[in-house]
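Every number for a ligand or one of its atoms is a count from 1 in the order of the listing.
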Amino acid sequence: MLNPPLNFTATDYAMMARALQIAEGGRYIAKPNPHVGCVITKYGKIIGEGFTQAGGRPHAEAAALAQARAAGHDCGGATVYTTLEPCVQHATSRGDACSDLLLEARISRVCSALHDPFHGVDGRGHHNLTSAGIKVECGLMGDQAAAQLQAFLSRASRNRPWVRLKVAASLDGRTALANGESKWITGEAARRDVHLLRAEACAVLTGVGTVLADNPTLTHRNLPATAVNAHRAPQPLRVVLDTNLRTPLDAAICQGGNTLIYTTLAQLASAKAAQLQALGVQLQAVPEITVRPNSPPMLDLQVVMHDLAQRRINLVLVEAGAILNAAVLQAGLVDDLVAYLAPTLMGSGARGMFALTPLHSMADITNLKITETRMIGRDWRIHAVVSPMKKAS
Ligand SMILES: NC(=O)c1ccc[n+]([C@@H]2O[C@H](COP(=O)([O-])OP(=O)(O)OC[C@H]3O[C@@H](n4cnc5c(N)ncnc54)[C@H](OP(=O)(O)O)[C@@H]3O)[C@@H](O)[C@H]2O)c1
């Protein structure tokens, strides 16, 4: 990895800020590729810019070069600002590698925000350029780029997706009545916002308890026009954790394909498994582990997340009840949380957000860092990141 140089100019910052801004055009459509932004400048002016297109191709650099050429510009001697290290041939099976395209275009300088930890790149893009005599400087606005690409970086460097947990609750933190009824706690604006979360995610994960109680479809629909290209987002993979294959065959989530159920190896041989597969539902066995003493074993969430990463899932949105919410949190797998709080009170008899095992010390509570609060319709929307869980001593 290259050392960040200390002499970036105000123009460099302005151009990288622009690259970060236009990268947003790919947020909903580039997956499973990272949504990268690229700006090309010559003689102090922008001559081309682009972001990663639908399905990940063309890459941002290729899109920016194409735009510059379409406008009649020669990119020889230009500077390229890109929010992620350009790729190399090894990493790509479709189209030319971006570092080769930049070489062919006779670019003289590349400023990138981040080293790409993906095993197929991992420094080789920068090396390809520097070994051809191009000046490469890495680290410009790297923190901002890392925040923007956190889901892809999670898969590339941690071998698991970024896990976002969404919860809709009353002001007293209740997510369903004791009888399981929960439609609707929050207002229409908040529910539309959830569709945007689904559009951004590669997968939506729930438990069989929610499937049985709510019969959700977990697709995105009626997306607000304000989010650039959200309406072009592919539907997320719908994922259910279901140890005993209790998901009904006529459940909404079983219709239309694009559904994956994690279950046990024993269940894979059952008649119900065959019926689900005949509907187009994918099944995947994972081992069970004992998480709590005196409680039945549960599907191993670490294995689930690892398997999702193998399926090129960058961002998982957990939309589940208190049981699975707690299990994902206690496994140390939740990265951030979006809570919608309605101006209603449901009382202590209703279900909570997280069915955690009782804690006996304030040292054991989960700490969050709230990063954004805003009204959405009549409800509060709170975004928070989860501090790393403490390891058991
Ligand atoms: N307000 C909201 O934001 C919101 C969102 C979703 C749901 N809900 C409400 O939540 C209620 C359902 O919640 P719930 O807690 O009963 O169900 P849940 O959390 O959706 O699903 C829990 C079930 O998933 C299965 N599971 C498999 N592997 C697991 C693992 N490793 N960890 C945890 N669970 C695993 C277990 O059933 P098996 O042992 O059979 O596999 C478990 O009982 C409904 O009333 C629904 O309306 C509210």
What protein heavy atom sits nearest [atom], and how far off is it?
atom: atom 46 (C) of ligand 1; value: D214 OD2, 3.3 Å
atom: atom 42 (C) of ligand 1; value: I323 CG2, 4.0 Å
atom: atom 13 (O) of ligand 1; value: G321 CA, 3.1 Å
atom: atom 17 (O) of ligand 1; value: G209 CA, 3.3 Å
atom: atom 39 (O) of ligand 1; value: T243 OG1, 3.4 Å
atom: atom 6 (C) of ligand 1; value: A320 O, 3.1 Å
atom: atom 36 (C) of ligand 1; value: V208 CG1, 4.3 Å
atom: atom 16 (O) of ligand 1; value: R351 NH1, 3.7 Å

N/O to N/O below 3.5 Å, does that happen between [X] and ligand 1?
X: E181; result: no
X: T175; result: yes
X: N325; result: no
X: G180; result: yes
X: A322; result: yes
X: M298; result: no

Open item on the list: Could you check whether Q255 and D250, counting side-chain N and O atoms only, form a donor-acceptor pair closer than 3.5 Å?
Closed with: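 No pair is found: no donor N or O on one side chain lies under 3.5 Å from an acceptor on the other.
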
List ligand 1 atoms under 4.0 Å from [X], heavy atoms only on the residue side.
X: K166; result: 3 (O)
X: D242; result: 41 (O)
X: L324; result: 19 (O), 32 (N), 33 (C), 34 (N)
X: A327; result: 32 (N), 33 (C)
X: A213; result: 44 (C), 45 (O)
X: R246; result: 37 (O), 38 (P), 40 (O)
X: S182; result: 46 (C), 47 (O)
X: A176; result: 45 (O)

- [ ] Describe, in one word, how the ring planes of F8 and Y13 are oriented to each other, choosing from parallel (under 30°), tilted (30 to 60°) and perpendicular (over 60°).
- [x]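 Rings of F8 and Y13: perpendicular, over 60°.
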
Task: Option whose closest heavy atom lies nearest to atom 1 (N) of ligand 1, chosen from A168, A178, A326 - done: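 Going through A168, A178, A326 one by one, A168 has the nearest heavy atom to atom 1 (N) of ligand 1.
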
- [ ] Assess whether salt bridge (Lys or Arg N to Asp or Glu O under 4.0 Å) is satisfied between R27 and E24, documenting all intermediate values.
- [x] CA-CA 5 Å; R27 176 174 290 276; E24 286 300 313; 2.6 Å; yes

Open item on the list: Minimum heavy-atom separation for L279 and L249, please, with both atom names.
Closed with: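 Closest pair (atom of L279, atom of L249, distance): CD1-O, 3.3 Å.
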
Task: Exercise: identify the closest heavy-atom pair between C138 and L114 - done: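 So the minimum-distance heavy-atom pair works out to SG-C, 3.7 Å.
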
Task: Q275, CD: over 12 other non-hydrogen atoms inside 6.0 angstrom - done: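 Yes, CD of Q275 has more than 12 neighbouring heavy atoms, counting only those of other groups under 6.0 Å.
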
Task: Candidate pair S154 and R158, rule side-chain hydrogen bond (donor to acceptor under 3.5 Å, both in side chains), full reasoning - done: CA-CA 5 Å; S154 173; R158 301 192 295 184; 2.9 Å; yes

Open item on the list: Checking R18 now: which residues fulfil salt bridge (charged side-chain N to carboxylate O under 4.0 Å, His left out) with it, not counting sequence neighbours?
Closed with: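 Testing R18 for salt bridge (charged side-chain N to carboxylate O under 4.0 Å, His left out), a comparison that skips the adjacent residues, returns E49.
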
- [ ] Could you please spell out the steps behind the salt bridge (Lys or Arg N to Asp or Glu O under 4.0 Å) verdict for K272 and D242?
- [x] CA-CA 12 Å; K272 180 73 176 282; D242 184 1; 6.0 Å; no

TODO: Please list all pairs passing the side chain to side chain donor-acceptor pair (under 3.5 Å) test where one or both residues lie in residues 208-223, with sequence neighbours left out.
DONE: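 Residue pairs with at least one partner in residues 208-223: T217-T219, T217-R221, T219-R221.
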
Task: Salt-bridge criterion met for D335 and R160 (N-O under 4.0 Å) - done: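 Between R160 and D335 there is a salt bridge, with a charged N closer than 4.0 Å to a carboxylate O.
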
Task: Residue that, paired with M353, satisfies side chain to side chain contact (heavy atoms under 4.5 Å, CB included) out of L337, L329, T175 - done: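 Exactly one option meets the side chain to side chain contact (heavy atoms under 4.5 Å, CB included) with M353, and it is T175.
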
Task: side chain to side chain contact (heavy atoms under 4.5 Å, CB included) partner of F354, chosen from V334, V328, I323, L165 - done: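 Output: one option passes, namely L165.
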
Open item on the list: Does any part of the side chain of T357, heavy atoms only, come nearer than 4.5 Å to the side chain of Q330, both counted from C-beta?
Closed with: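 Result yes, sub-4.5 Å side-chain heavy-atom pair found.
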
